[in-house]
Trainee: 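Sharing a structure here in structure tokens format.
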Amino acid sequence: MSFDKNEQTIGSGGIIALTLLRILIGWHFLYEGFYKLAQESWTAKPVLNGSKWIMNGVYSWIADSPSMLSFVDSLNMYGMVILGFGLILGVFTRWLALGGAVLLLLFYLINPPLPGLYYTTPTEGHYLIVNKNLIEMMALVALVFIPTGKFFGLDRFLYAFLKKS
């Protein structure tokens with residue numbers, strides 16, 4: 001598939017819109033991470049134990065292993081804060097967008113909204129195959145390919161520094 005020059009140009013409006021998308025997703029990660037950190041008793045254990053699809057064996061193993069659960073809980077909380085700050089500031093945006101997409105894929109695989117799967121953990125809304133985790137994941141995948149941090153973010157300085165080196 002080939003694109004002509006007009007199809008390859010997003011334009012300044014598109015860059016601004018995608019930058020705002022990056023910042024909003026960053027805020028979502030940052031807030032979720034801080035919220036989990038503020039809850040002294042927060043753990044992913046109930047959600048991991050509630051998994052019913054292809055990864056349920058792995059998730060149950062993590063939930064039943066105190067050391068793995070502690071590691072995953074910390075990785076989840078601090079990872080979300082790092083992802084959030086980085087996406088908001090526009091630093092390492094492509095790598096953080098990819099990391100966030102992987103994290104959201106793992107969240108999706110815990111509780112996918114598939115017919116016949118019912119969960120004890122309440123969900124907001126009613127979904128069939130597509131849910132907010134999948135949508136946000138695909139938005140981050142798009143941001144992997146569009147360097148919004150290069151236009152509006154600290155990546156602009158990082159790119160300039162790397163060009164000089």
Side-chain angles (χ1 to χ4, degrees), residues 1 14 17-150 152-155:
M1 174 182 333
L18 291 169
T19 299
L20 291 173
L21 176 66
R22 183 197 80 216
I23 291 168
L24 292 173
I25 292 172
W27 174 258
H28 181 219
F29 275 116
L30 182 65
Y31 182 78
E32 285 288 326
F34 275 141
Y35 183 82
K36 287 172 173 56
L37 284 168
Q39 307 299 313
E40 290 181 25
S41 62
W42 182 86
T43 181
K45 186 172 184 159
V47 175
L48 293 169
N49 276 332
S51 178
K52 296 184 182 342
W53 200 42
I54 60 173
M55 298 284 287
N56 69 332
V58 174
Y59 290 134
S60 292
W61 173 76
I62 292 169
D64 293 339
S65 168
S67 60
M68 279 303 296
L69 181 62
S70 176
F71 174 73
V72 166
D73 284 348
S74 295
L75 190 63
N76 192 327
M77 293 182 287
Y78 293 108
M80 291 181 100
V81 169
I82 291 167
L83 285 165
F85 270 130
L87 289 171
I88 289 169
L89 296 174
V91 64
F92 304 116
T93 52
R94 287 180 158 181
W95 287 105
L96 291 175
L98 180 61
V102 169
L103 183 63
L104 288 167
L105 175 63
L106 293 172
F107 290 170
Y108 181 83
L109 293 175
I110 289 174
N111 292 323
L114 300 175
L117 298 181
Y118 303 100
Y119 304 100
T120 56
T121 308
T123 60
E124 47 186 67
H126 303 280
Y127 304 106
L128 179 62
I129 301 168
V130 177
N131 66 10
K132 64 182 183 175
N133 287 331
L134 193 61
I135 294 167
E136 196 171 35
M137 180 192 78
M138 289 310 301
L140 285 170
V141 168
L143 291 173
V144 168
F145 296 100
I146 302 165
T148 60
K150 182 178 176 181
F152 296 106
L154 296 179
D155 278 347

Trainee: Roughly how far, to the nearest 0.5 Å, is OG of Ser65 from NZ of Lys45?
Mentor: 9.5 Å
Trainee: Is the shortest heavy-atom distance from the side chain of Tyr59 to the side chain of Leu106 under 4.5 Å?
Mentor: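 Counting from C-beta outward, Tyr59 and Leu106 do come under 4.5 Å.
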Trainee: Taking all heavy atoms of Thr43 and all of Asp73, pick out the closest pair and write down the distance.
Mentor: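 The pair with the smallest heavy-atom distance is OG1-OD2, 2.7 Å.
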Trainee: How long is the straight-line distance from CG of Leu30 back to CG of Leu83, given to the nearest 0.5 Å?
Mentor: 10.0 Å
Trainee: Do other residues, nucleotides or ligands put more than 12 heavy atoms under 6.0 Å from Tyr108 OH?
Mentor: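 Counting neighbours around OH of Tyr108, more than 12 heavy atoms of other residues, nucleotides or ligands fall under 6.0 Å, so yes.
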Trainee: Hey, are the side chains of Leu37 and Tyr78 touching, using non-hydrogen atoms and a 4.5 Å cut-off?
Mentor: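 In short, these two side chains touch, coming nearer than 4.5 Å.
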Trainee: For Trp42, does the CH2 atom sit with more than 12 other heavy atoms under 6.0 Å from it, leaving out its own atoms?
Mentor: yes
Trainee: Stepwise, does the side chain to side chain contact (heavy atoms under 4.5 Å, CB included) test hold for Met137 with Leu140?
Mentor: CA-CA 5 Å; Met137 180 192 78; Leu140 285 170; 5.8 Å; no
Trainee: If you measure from CG on Asn76 to CZ on Phe107, what distance do you get to the nearest 0.5 Å?
Mentor: 4.0 Å
Trainee: Under 3.5 Å, is there a donor-acceptor pair between the side chain of Ser74 and the main chain of Ser70?
Mentor: yes
Trainee: Looking at every heavy atom in both Asn56 and Ser51, which two are closest together, and how far apart are they?
Mentor: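 Closest approach of Asn56 to Ser51: CB-O, 3.3 Å.
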Trainee: Tell me, do Asn111 and Asn131 make a side-chain contact under 4.5 Å, heavy atoms counted?
Mentor: no
Trainee: CG of Leu104 to CZ of Phe29: how many Å apart, nearest 0.5 Å?
Mentor: 4.0 Å
Trainee: Please report the C-alpha distance between Asn133 and Ile110 in whole Å, then the side-chain angles of each, then the deciding distance to 0.1 Å, and finally whether the side chain to side chain contact (heavy atoms under 4.5 Å, CB included) criterion is met.
Mentor: CA-CA 11 Å; Asn133 287 331; Ile110 289 174; over 6 Å; no
Trainee: Could you report the tightest heavy-atom contact between Leu21 and Ala139, atom names first, then the distance?
Mentor: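 Scanning both residues, the minimum pair turns out to be CD2-CB, 3.9 Å.
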Trainee: Quick one: pull up CG in Leu143 and CG in Leu98 and give me the separation to the nearest 0.5 Å.
Mentor: 11.5 Å
Trainee: Less than 4.5 Å apart, any side-chain heavy atom of Ile23 and any of Phe152?
Mentor: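 No; the side chains remain at least 4.5 Å from each other.
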Trainee: Please round to the nearest 0.5 Å and tell me the distance separating atom CG of Asp155 and atom OG1 of Thr93.
Mentor: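 The CG atom of Asp155 sits 4.0 Å away from the OG1 atom of Thr93.
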Trainee: Minimum heavy-atom separation for Leu96 to Gly86, with atom names?
Mentor: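 Heavy-atom minimum between the residues: CD1-CA, 3.3 Å.
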Trainee: I'd like to check Thr19 versus Arg22 (side-chain heavy atoms, cut-off strictly below 4.5 Å). Are they in contact?
Mentor: yes
